[in-house]
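Report on the structure given below.
FYI, the numbering just counts along the sequence from 1. All values below come from the heavy atoms of this structure, side chains included, with hydrogens, waters and symmetry mates left out.
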Amino acid sequence: MADENNQAPEGAGFEAQDAGAAPQEQQGRGRGRGRGGPGGGGDRGRGGRDGNRGRRDDRRGNQEDGGEELIEKLVHINRVSKTVKGGKRFGFAALVVVGDGKGRVGFGHGKAREVPEAISKATASAKKKMLRVPLKEGRTLHHDGAGHFGAGRVYVRSAPQGTGIIAGGPMRAVFESLGVADVVTKSVGTSNPYNMIRATFEALGEQTSPKSVAQRRGKKIADLLGRGGSQTAEADAAAVTE
């Protein structure tokens, strides 16, 4: 009887151990499936964490590269083809205008076998050669100007507040990226976007401000603004920032 009594608790103990081990095995199996089982939940989790780190790095890279938000406008894309022995090879050329909306603007040209790569090349080229243009009251040009390149001729004129951007095609993209709100323009001659852009930048490069002219001539801004009979030369001079 004693042996039977002793054996019974031992069997019961084994059953208790098996019962206690089953949840642990189930938990282990659950963890195994979570990491690399058929569901792939663990793989997705690790991929999500890596993806988050990648996005943070991209955002940090944009801040380091630009330092400020730039306005990028795609002006023109040209597709070219070259006939070779095996068929035709296609390539793309992109013309992009980049500006900060505060008086700086540039344009660039890029070529590649794919459109996104051509646009990225053109954008990088535009950022390297940006031009600063003095703006009157931060909204229009200080004076009229003209520029030409090849067969393209453009004319730009300052405009009163509320006029808007009266320009078309590539010239509108330049002034929107530059941050000009009021301007009147006219293009005469070719409609080639490359020549129009270069002629527009030639006209913008000739823009000067009363402040720079006064410094060059060793005079005061009020003296320059008052020579035309203006009664508000002092107030206008105080309002000139560039």
[X] [atom1] to [Y] [atom2] distance, which is reported to the nearest 0.5 Å:
X    : Y    : atom1 : atom2 : answer
R104 : L131 : CZ    : CG    : 9.5 Å
S81  : K88  : OG    : NZ    : 5.0 Å
L95  : L74  : CG    : CG    : 8.0 Å
K102 : I71  : NZ    : CD1   : 9.5 Å

If the condition is side-chain contact (heavy atoms from CB on, under 4.5 Å), which residues does [X] pass it with, not counting sequence neighbours?
X    : value
V84  : K82, R89
Q215 : K211
A146 : Y155
K128 : none

**OP:** State which residues pass ring pair (Phe, Tyr, Trp, His ring centres under 6.0 Å) with F201; sequence neighbours excluded, sorted by chain then number.
**Re:**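 Once residues adjacent in sequence are excluded, the partners of F201 under the ring pair (Phe, Tyr, Trp, His ring centres under 6.0 Å) criterion are F107.
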**OP:** Please identify each residue that fulfils ring pair (Phe, Tyr, Trp, His ring centres under 6.0 Å) with Y194, with sequence neighbours left out.
**Re:**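 In terms of ring pair (Phe, Tyr, Trp, His ring centres under 6.0 Å), with neighbours along the sequence ignored, Y194 is linked to H109.
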When the side chains of residues 159-183 are checked against the rest of the protein, which donor-acceptor pairs come out under 3.5 Å, sequence neighbours left out?
from : atom 1 : to   : atom 2 : distance (Å)
T163 : OG1    : P160 : O      : 2.7
R172 : NE     : A167 : O      : 3.0
R172 : NH2    : I165 : O      : 2.7
R172 : NH2    : A167 : O      : 3.2
E176 : OE1    : K73  : NZ     : 3.2
S177 : OG     : A173 : O      : 2.9
D182 : OD1    : G162 : N      : 3.2
D182 : OD1    : T163 : N      : 3.1
D182 : OD1    : G164 : N      : 2.9
D182 : OD2    : R139 : NH1    : 3.1

Original post:
So H148 and V188, side chain to side chain contact (heavy atoms under 4.5 Å, CB included) or not? Walk me through it.
Top reply: CA-CA 9 Å; H148 70 91; V188 180; over 6 Å; no
Subject >> Same cluster (ILVMFWY, side-chain, under 4.5 Å), L204 and M196 >> reply: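 As far as the 4.5 Å side-chain criterion goes, M196 and L204 are connected within one cluster.
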Original post:
Is it true that F90 and V115 fall in one hydrophobic cluster, defined by side-chain heavy atoms closer than 4.5 Å?
Top reply: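 No: no chain of side-chain contacts under 4.5 Å links F90 to V115.
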Subject >> Pairs touching residues 155-170 that satisfy salt bridge (charged side-chain N to carboxylate O under 4.0 Å, His left out), sequence neighbours left out >> reply: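 Pairs touching residues 155-170 that pass the test: D144-R157.
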Tabulate below the donor-acceptor pairs under 3.5 Å that side-chain atoms of residues 116-123 make, not counting sequence neighbours, or state none.
from : atom 1 : to   : atom 2 : distance (Å)
S120 : OG     : P116 : O      : 3.3
S120 : OG     : E117 : O      : 2.7
K121 : NZ     : K111 : O      : 3.1
T123 : OG1    : I119 : O      : 2.8

Original post:
What residues form a side chain to side chain donor-acceptor pair (under 3.5 Å) with R153, not counting sequence neighbours?
Top reply: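 Partners of R153 under the side chain to side chain donor-acceptor pair (under 3.5 Å) test: none.
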**OP:** Report the residues that fulfil side chain to side chain donor-acceptor pair (under 3.5 Å) with K136, sequence neighbours left out, ordered by chain and then residue number.
**Re:**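 K136 satisfies side chain to side chain donor-acceptor pair (under 3.5 Å) with no other residue.
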For [X] versus [Y], what's the shortest heavy-atom pair and its separation?
X    : Y    : value
H142 : S209 : NE2-CB, 3.7 Å
A199 : G152 : CB-O, 3.9 Å
G147 : A203 : N-CB, 3.8 Å

Subject >> Residues in salt bridge (charged side-chain N to carboxylate O under 4.0 Å, His left out) contact with E114, at least two apart in sequence or another chain >> reply: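 Salt bridge (charged side-chain N to carboxylate O under 4.0 Å, His left out) check on E114 returns nothing, list empty.
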